[in-house]
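All values reported here derive from a predicted model rather than from experimental measurement.
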Amino acid sequence: MTVAGTGDPVGPFPSPDETVVSGAATEALAIESRKRRRLRSIALVLAVLLVGVSALATFFWVRGDRWAAYAAGVESDAGEIGEDLAQLRAEHEGTVAELTTVQEQLAASQQRVTELAAEKAEVGDDREAQRQLVDYQERISAAAGSVATSLNECINRQQELLGYLDNAAAYDPADVTRFRQQVDALCASASTANDSLQQELARGATGTGG
């Protein structure tokens, strides 16, 4: 019988040096494994961040492009509204001047009819001439009154439209456009009536321009 320690060792036990080497190798493998896992984690995080940054960049690019288009549209609309305002103000001033002229012409015409009636009375003209003067005065007064009413209504609607255009953002563009068309039609009708009045005034009380 062999005594332990005096012959072959009992069982295949590693030597102390082999145990140290084996433990060091295992530790090295564990460290390497942890490094690889850390690197994979870092790579994954970086990939996620890259995707996020790319998505964010795309979002801001699209948003910036849309904002640029929107800003360009707003600027274009503002320019058109500004032109409409300038044109309407000019038309409005012209209509006010037209109304003033009609009122002055009506007063002058009535004065002229009165003078003609006095002249004919002095020279003993017949009643037919007097009747023509009265008829002329009635026609001119009626026509001028109608024109003045139409022009005044046109002026009021133009003022209302100017208010809408001054604050165009608060109203539906389609509604403003429809109202503009209505105002244009009303003012065109008033202008046509005024043209007829001017022709009547040009003919004069005797129908010959006098």
Side-chain angles (χ1 to χ4, degrees), residues 71-210:
V74 170
E75 185 176 354
S76 176
D77 291 343
E80 292 177 1
I81 292 172
E83 292 176 0
D84 284 346
L85 273 171
Q87 180 182 353
L88 182 57
R89 286 195 176 103
E91 292 174 0
H92 181 67
E93 291 174 0
T95 306
V96 172
E98 252 188 294
L99 177 59
T100 300
T101 299
V102 168
Q103 293 170 335
E104 292 173 349
Q105 288 176 331
L106 177 58
S109 176
Q110 291 173 335
Q111 178 64 28
R112 180 55 180 159
V113 167
T114 300
E115 293 172 355
L116 285 173
E119 291 172 5
K120 292 183 179 297
E122 287 180 3
V123 298
D125 280 355
D126 58 23
R127 292 182 178 179
E128 180 59 23
Q130 296 289 340
R131 188 196 65 76
Q132 289 178 354
L133 285 173
V134 171
D135 179 64
Y136 172 78
Q137 185 173 9
E138 288 177 349
R139 284 187 290 107
I140 290 298
S141 296
S146 177
V147 170
T149 298
S150 297
L151 289 174
N152 191 58
E153 182 67 13
C154 170
I155 289 170
N156 291 337
R157 297 288 78 78
Q158 284 178 335
Q159 288 176 331
E160 187 176 352
L161 179 58
L162 282 170
Y164 293 148
L165 290 177
D166 276 329
N167 191 24
Y171 303 99
D172 185 342
D175 290 340
V176 175
T177 298
R178 279 194 297 271
F179 186 67
R180 175 63 186 268
Q181 293 171 346
Q182 293 172 0
V183 172
D184 288 345
L186 174 64
C187 293
S189 177
S191 181
T192 299
N194 190 30
D195 289 342
S196 298
L197 174 63
Q198 298 306 316
Q199 293 173 4
E200 191 69 30
L201 289 170
R203 285 200 295 269
T206 61
T208 58

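Under the 4.5 Å side-chain criterion, counting only non-hydrogen atoms from C-beta, Leu186 is not in contact with Gln182.
Not one N or O on the side chain of Ser189 forms a donor-acceptor pair closer than 3.5 Å with the backbone of Ala185. The backbone N or O of Cys187 lies less than 3.5 Å from no partner atom in the side chain of Ser191, so there is not a single donor-acceptor pair.
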* To do: Please assess Gln198 against Asn194 for the test side chain to side chain donor-acceptor pair (under 3.5 Å), listing each intermediate value before the final yes or no.
  => CA-CA 6 Å; Gln198 298 306 316; Asn194 190 30; 3.1 Å; yes

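Asn156 and Glu160 share no side-chain donor-acceptor pair at under 3.5 Å. Between the side chains of Gln87 and Glu91, at least one donor N or O sits under 3.5 Å from an acceptor N or O.
Taking a cutoff of 4.0 Å between a charged side-chain nitrogen and a carboxylate oxygen, Glu153 and Arg157 qualify as a salt bridge. Between Arg178 and Asp172, none of the side-chain N atoms (NZ, or NE/NH1/NH2) sits under 4.0 Å from a carboxylate O, so this pair counts as no salt bridge.
Considering every non-hydrogen atom in both Leu197 and Ala143, the closest pair reads CD1-CB, 3.9 Å.
Note that the CG atom of Leu151 and the CD atom of Gln103 stand 9.0 Å from one another [nearest 0.5 Å]. With rounding to the nearest 0.5 angstrom, the CG atom of Leu99 is 10.0 Å from the CD atom of Glu104. With rounding to the nearest 0.5 angstrom, the OG1 atom of Thr100 is 10.0 Å from the CD atom of Glu98.
For Tyr171, the ring-ring contact (aromatic ring centres under 6.0 Å, His included) partners are Tyr164, not counting sequence neighbours.
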